[in-house]
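Okay, handing you the structure first.
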Amino acid sequence: MRKKIVAGNWKMNLNFEEAKALAGELKVKLDHQRGVVPAHKAVSSPEVVLFPPYVYLTRILDLFINDEGVSVGAQNCHHEDHGAHTGEVSAPMISSVGATHVIIGHSERRSQFGEDDELLAQKVKQALKSALVPVFCCGEMLPERENGKHFQVVTDQLLRGLFWMDEVQLAKVVIAYEPVWAIGTGVTASPGQAQEMHAHIRKLIGDTYSKGAAERMSVLYGGSCNAKNAAELFANPDVDGGLIGGASLKAADFFQIIKSLDGSQ
Ligand code: PEP
């Protein structure tokens with residue numbers, strides 16, 4: 001069975017006191033939940049992955065040390081492993097502090113920092129070399145959807161960004177479908193729109209690699225997913241969880257989203 005994942009992308013939000021309070025509150029809720037619903041009774045426990053800003057990585061990692069249900073990752077990495085790149089952070093650095101995941105190709109990186117699929121492919125290579133799980137984001141902009149180009153856009157992003165790798169490498173990747181028009185806008189993709197794109201992505205993997213590779217791939221939905229709409233989105237057969245922005249900044253909301261996926265609500 002493929003992994004169910006709920007990931008929180010904190011972006012450039014929260015001072016350190018706020019970040020610690022958020023992670024601490026979430027930890028209390030998760031620990032309590034595990035006590036109330038023993039692992040064997042939960043339908044399936046999703047993996048929780050937190051993506052704090054770089055500077056908080058080690059401190060948030062410390063909070064979840066020995067917690068097998070919670071992983072911590074970075075929101076980005078450089079496409080080289082070291083060098084004269086003032087202000088940048090490499091995949092081996094992220095891995096060396098104990099983080100396990102890295103977001104690559106978030107639409108904000110694509111649009112604000114001009115990251116294209118070729119550069120993102122280099123970043124994915126760096127992540128895999130450092131044994132980090134790349135959470136590779138793809139998704140169309142509104143005019144692309146309105147012009148019926150959304151399937152082609154996502155196909156091209158995956159072909160260029162990911163499909164250069166072999167099947168063994170692909171098994172280490174997580175894909176997040178994030179329609180750009182839904183990110184931070186309060187406009188969510190309907191469950192039907194999410195399902196049809198996730199099914200498209202899975203079919204693409206099946207056609208390019210194998211049925212097994214397609215079945216194993218966790219495909220997360222992202223874009224204004226919140227405590228109210230998560231259950232409906234996650235009920236889709238090809239939606240394996242979510243990459244959550246705004247709603248991951250409130251412990252109660254994020255916890256509710258996690259519960260929407262683990263079958264215990
Ligand atoms: C994101 O930035 O990955 C995201 C999904 O943001 P939001 O949930 O705020 O739309």
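Just follow the structure's listing: the first ligand is 1, and inside any ligand the first atom is 1. Heads up: numbering here begins at 1 and tracks the sequence. Values below: all heavy atoms of this structure, side chains included; hydrogens, waters and symmetry mates excluded.
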For the 3.5 Å polar cut-off, considering only N or O atoms, please tell me whether Ile183 and ligand 1 meet it.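 N/O-N/O distance below 3.5 Å does not exist for this pair.
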Residue, atom name and distance, where the atom is the protein heavy atom closest to atom 2 (O) of ligand 1: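 Looking only at protein heavy atoms, the one closest to atom 2 (O) of ligand 1 is Lys11 NZ, 2.5 Å.
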Distance-only donor-acceptor check, side chains Ser90 and Asp81, under 3.5 Å: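 No - no donor-acceptor pair under 3.5 Å links their side chains.
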Numbered atoms of ligand 1 (with element) below 4.0 Å of Ser224, judged on heavy atoms: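 Under 4.0 Å from Ser224, ligand 1 has these atoms: 7 (P), 8 (O), 10 (O).
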Do Glu167 and Ser210 have side-chain N/O donor and acceptor atoms under 3.5 Å apart?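 Per modelled atom types, Glu167 and Ser210 side chains form a pair under 3.5 Å.
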Atom 1 (C) of ligand 1: the protein heavy-atom neighbour that sits closest, reported with distance to 0.1 Å: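 The closest one turns out to be His106 NE2, 3.2 Å.
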Would you say Val135 and Val102 make side-chain contact, with heavy atoms under 4.5 Å?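 Heavy-atom side-chain distance check fails, nothing below 4.5 Å.
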Heavy-atom distances under 4.0 Å decide this one: backbone, side chain, both or neither, for Asn9 against ligand 1?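 Only the side chain of Asn9 comes within reach of ligand 1.
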Is Ala182 touching ligand 1 with its side chain, its backbone, both, or neither, if touching means heavy atoms under 4.0 Å apart?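 Contact part for Ala182 vs ligand 1: backbone (N, CA, C, O).
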Counting non-hydrogen protein atoms only, what is the nearest one to atom 9 (O) of ligand 1? Give residue, atom name and distance.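 Here the closest protein heavy atom is Gly246 N, 2.8 Å.
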N or O pair under 3.5 Å between Cys225 and ligand 1: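 No: no nitrogen or oxygen of Cys225 is under 3.5 Å from one in ligand 1.
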Charged N-O contact under 4.0 Å between Asp117 and Arg110: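 Looking at Arg110 together with Asp117, the answer is yes, because their closest N to O distance falls below 4.0 Å.
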Note the single closest protein heavy atom to atom 3 (O) of ligand 1, along with its residue, its atom name and the distance in Å.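 Looking only at protein heavy atoms, the one closest to atom 3 (O) of ligand 1 is Glu178 OE2, 2.7 Å.
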Sidechain N-carboxylate O distance under 4.0 Å for Lys11, Glu108: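 The answer is yes: the pair qualifies as a salt bridge.
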May I ask you to list the atoms of ligand 1 that are less than 4.0 angstrom from any heavy atom of Gly184?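 Within the 4.0 Å cut-off of Gly184, ligand 1 contributes 7 (P), 9 (O), 10 (O).
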Can you confirm whether the side chains of Gln75 and Trp10 place a donor and an acceptor under 3.5 Å from each other?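 Result is no, nothing qualifies.
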Under 3.5 Å between any N/O of Ala247 and any N/O of ligand 1: does that happen in this structure?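 In fact, backbone or side chain, Ala247 has no N or O that close.
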Looking only at side chains, do Gln195 and Tyr221 share a donor and an acceptor under 3.5 Å apart?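 The criterion, which ignores hydrogens and geometry beyond distance, is not satisfied for Tyr221 and Gln195.
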Using the ring of each side chain (for Trp, its six-membered ring), is His85 parallel, tilted or perpendicular to His79, with breaks at 30° and 60°?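 Correct class here is tilted.
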Would you mind listing which atoms of ligand 1 come within a distance below 4.0 Å of any non-hydrogen atom of Gly222?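 Counting from 1, the qualifying ligand atoms are 5 (C).
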Which of the atoms of ligand 1 are close to Gly223, meaning less than 4.0 Å from one of its heavy atoms?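 Taking each heavy atom of Gly223 in turn, ligand 1 has 5 (C), 10 (O) under 4.0 Å.
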Arg2 and Glu215: CA distance, side-chain angles, deciding distance, salt bridge (charged side-chain N to carboxylate O under 4.0 Å, His left out) verdict: CA-CA 7 Å; Arg2 56 185 175 257; Glu215 260 317 300; 2.9 Å; yes
What protein heavy atom sits nearest atom 4 (C) of ligand 1, and how far off is it?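 For atom 4 (C) of ligand 1, the nearest protein heavy atom comes out as Gly245 N, 3.6 Å.
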